[in-house]
2 protein chains.
Amino acid sequence: MATIKDVAKLAGVSVATVSRVINNTSRVTPETREAVTKAQDELNYHPAVSQKFSSRQDSEIVGMTIADHSDPYFGQMVKVVDQSATKEGMSLIVNAGYHDAGRERQCIEELIQKRCRIIIAHTVLLRDELLTRYMANQKSMILINRKLPGFEDRCVYLDDEGGAYLAVKHLIQNGHSKIAYIRSSHQIADAEMRFRGYVRALEEAGIMFNPALVVSADPTPQGGEQGAEALLNLSQQFTAIACYNDMQAAGAMAILSDNDIRIPEHVSIIGFDNTAISRYLHPRLTTIMNPVSAMAMSAFAIGLAIIREQDTKVQSRVFTPTLIKRFSVRDLRAF
Amino acid sequence: MATIKDVAKLAGVSVATVSRVINNTSRVTPETREAVTKAQDELNYHPAVSQKFSSRQDSEIVGMTIADHSDPYFGQMVKVVDQSATKEGMSLIVNAGYHDAGRERQCIEELIQKRCRIIIAHTVLLRDELLTRYMANQKSMILINRKLPGFEDRCVYLDDEGGAYLAVKHLIQNGHSKIAYIRSSHQIADAEMRFRGYVRALEEAGIMFNPALVVSADPTPQGGEQGAEALLNLSQQFTAIACYNDMQAAGAMAILSDNDIRIPEHVSIIGFDNTAISRYLHPRLTTIMNPVSAMAMSAFAIGLAIIREQDTKVQSRVFTPTLIKRFSVRDLRAF
DNA sequence: GTGAAAGCGCTAACAA
DNA sequence: TTGTTAGCGCTTTCAC
């Protein structure tokens with residue numbers, strides 16, 4: 001691989017001059033520029049970015065940690081941050097932890113070692129203590145989907161409890177009272193919060209919480225299938241199922257349909273997240289809007305404000321989920 | 001941010017020693033190691049990776065370009081490469097071009113500038129000429145989903161034409177002859193190849209190709225909706241629709257269903273790619289398996305073999321799609 | 001086992 | 001406008 005020296009030699013100029021034409025950081029005669037450019041592509045020269053910033057302080061790269069590249073939920077987040085970063089002339093690196101605490105930590109460590117200017121971390125398995133240390137040292141590190149005591153101004157998250165509450169309340173308002181819940185088997189905060197929202201909605205309506213109506217499964221379509229099967233095997237009565245997320249809802253719907261249980265005629269179902277898929281299920285799935293893109297944008301904006309030393313108060317931190325009515329919930333009161 | 005110097009000073013040793021304990025590249029007394037480690041986390045020191053490799057030749061990073069982070073199709077690819085890379089102790093950087101030729105080029109350029117050891121490029125808009133130049137200079141650059149003349153040994157791709165042929169042939173074998181096709185509006189090779197497969201299957205069966213039965217749309221659910229609407233408005237007769245991909249099929253199914261057209265009773269439908277979503281549509285979608293993961297693994301393996309100077313002949317390059325029968329195609333001959 | 005010092009490829013200050 | 005040179009933070013010889 002050719003270096004700046006090679007280019008300089010071939011063009012008959014100094015490395016400084018080459019550097020100048022590359023970054024056009026100062027005036028250069030058309031002839032020298034020409035000579036340099038020519039040498040440059042004759043040698044197929046590509047400046048090594050890592051060196052570019054080694055002499056200076058900064059790096060112009062934003063780092064991000066997510067759980068899983070193949071999960072469209074994160075895909076959406078990454079896309080938004082990527083495009084925002086590009087707009088600011090920064091590049092993006094994203095590391096995935098795949099639901100493993102050790103890897104999650106390594107992801108963050110790697111971003112620090114790569115000297116990212118901004119770090120947006122979706123980390124769910126790291127202990128508060130460790131995370132606190134990272135946050136304290138990385139001034140432009142933002143947490144997404146997590147509320148860390150002492151760093152509220154750098155946390156962006158959804159009101160998960162409120163979202164689930166909204167979902168279940170919607171079912172109740174439609175006359176449902178025997179409401180099953182498929183929760184996420186992952187030991188993470190939002191799983192717990194959503195579950196609490198379910199319980200609160202029930203309590204508020206004076207409906208007895210029945211533990212037998214709650215099953216735990218992976219937050220995936222497969223999980224939804226298993227959850228629905230478990231629910232059917234219980235032979236408990238229920239007229240509706242609330243799910244941890246749309247993926248589970250998709251799986252559950254498939255199983256119900258396989259068993260000739262019609263949605264929403266026989267059983268109503270409600271999801272969470274408003275994943276792209278939810279609009280294309282049959283029937284189109286009623287769900288809770290999770291403004292992932294807006295949250296990701298906000299996280300990036302906060303990070304940017306920090307490194308630009310601008311006011312950071314403008315950005316939203318906690319996001320409110322909203323109900324998206326489609327066709328998977330039946331109004332029992334009408335009959 | 002603390003540097004290796006700071007650590008050395010605090011630990012009362014030389015930078016060389018610090019470097020040694022960090023990489024444990026040579027024996028060090030337990031006491032010095034202890035002192036260094038202590039200084040290290042007292043200062044919250046994280047070695048700057050970019051510098052680590054600046055003195056040497058290599059970088060231990062693999063780069064990848066894709067079209068869109070939010071597309072699960074690419075998410076799957078990225079995940080596989082990520083995990084393979086991690087297994088080899090390498091890290092991954094991925095850049096997305098978002099269906100823009102300029103950005104696509106920039107993505108590759110960036111990976112080169114970051115000195116990736118292996119580059120896996122999914123690039124569809126770059127001209128052969130330009131790509132040839134990159135391939136010639138980057139010996140461990142692999143193309144995915146593209147066949148570039150002269151570099152066949154570094155191209156991994158699917159037989160798209162064969163896949164679409166398979167899909168349409170399946171419809172024909174089930175007694176269909178009025179078969180509509182929703183093609184991708186993107187000007188890319190695989191869109192063209194899949195379309196050709198459709199035409200060839202028709203021709204081979206002696207069915208007249210009817211241009212009026214072909215509509216063009218985005219390779220997304222929205223595109224599928226538009227495509228299906230267009231098809232319905234044409235008021236042409238058809239008993240089946242073959243789609244460019246599963247996303248389009250999902251959108252098309254929703255529209256048909258909205259119009260009380262039953263699948264597969266009234267209209268059969270077949271997708272392409274076997275995206276996760278396809279199993280959860282109603283009815284479960286018959287589609288063509290696109291072994292993205294296997295292809296991505298193979299691409300990485302080829303890259304790895306190249307930098308390891310190992311035999312590269314072992315890996316598969318062209319992948320064969322297979323039919324996945326589910327419930328969206330009706331057998332007309334049975335009636 | 002450890003340190004001094006050269007070198008990696010680049011930028012930026014300072015001279016010319 | 002251009003060249004010289006110090007320096008960025010790290011690794012790696014080569015002595016000791």
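Only heavy atoms go into these numbers, but all of them, side chains included; no hydrogens, no water, no symmetry mates. Because the structure is a prediction, the values reported are computed rather than measured. Within every chain, numbering begins at 1; the chains are lettered A, B, ... in the order of the sequence lines, protein sequences first and strands thereafter.
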[X] [atom1] to [N] [atom2], straight-line distance once rounded to whole Å:
X      : N      : atom1 : atom2 : value
A:R115 : D:dC8  : CZ    : P     : 14 Å
B:Q40  : D:dC10 : CD    : C1'   : 14 Å
A:M1   : C:dC10 : CE    : P     : 10 Å
A:K5   : C:dT11 : NZ    : P     : 14 Å

Handout entry: Base C:dG9 to side chain A:S54, donor-acceptor N/O within 3.5 Å cut-off
Key = yes
My understanding is that only residues two or more places apart in sequence, or in another chain, count here; which of them pass salt bridge (Lys or Arg N to Asp or Glu O under 4.0 Å) with [X]?
X     : value
B:R20 : none
A:E31 : none
A:D82 : none
B:R27 : none

Problem - Distance test, side-chain N/O of A:S14 to OP1/OP2 of D:dG3, below 4.0 Å - result: yes
May I have the list of side-chain donor-acceptor pairs in residues 305-313 of chain A shorter than 3.5 Å, sequence neighbours left out?
from   : atom 1 : to     : atom 2 : distance (Å)
A:R308 : NH2    : A:E88  : OE1    : 2.7
A:D311 : OD1    : A:K313 : N      : 3.2

Handout entry: Result of checking B:V28, B:V18, B:I22 against B:V36 for side-chain contact (heavy atoms from CB on, under 4.5 Å)
Key = B:V18
Handout entry: DNA chain D-proximal residues of residues 27-36 of chain A, any heavy atom under 4.0 Å
Key = A:R27, A:V28, A:T29, A:T32
Could you list the donor-acceptor pairs under 3.5 angstrom formed between side-chain atoms of residues 118-127 of chain B and any protein atom two or more places apart in sequence or on another chain?
from   : atom 1 : to     : atom 2 : distance (Å)
B:T123 : OG1    : B:E104 : OE1    : 2.6
B:R127 : NH2    : B:E129 : OE1    : 3.4

Problem - ring-ring contact (aromatic ring centres under 6.0 Å, His included): pairs with one or both residues in residues 80-117 of chain B, sequence neighbours excluded - result: B:H99-B:H186
Problem - Sugar-phosphate, base or nothing in reach of A:V13, heavy atoms under 4.0 Å - result: sugar-phosphate
Handout entry: Annotated protein contacts, base or backbone, on nucleotides 11-16 of chain D with a non-hydrogen cut-off under 4.0 Å, one of B, S, - each
Key = SBB---
Practice task
Name all residues meeting the ring pair (Phe, Tyr, Trp, His ring centres under 6.0 Å) criterion together with B:H69; count only those two or more places apart in sequence or in a different chain, and write none if there are none.
Solution key: none
Problem - Partners passing ring pair (Phe, Tyr, Trp, His ring centres under 6.0 Å) against B:H46 (at least two apart in sequence or in another chain) - result: none
Completion exercise
If each end axis of the helix from C:dG1-D:dC16 to C:dA16-D:dT1 is fitted on five C1' pair positions, the angle between them, to 10 degrees, is 40°
Problem - Flag side-chain contact, heavy atom, 4.5 Å: B:I93 against B:M64 - result: no
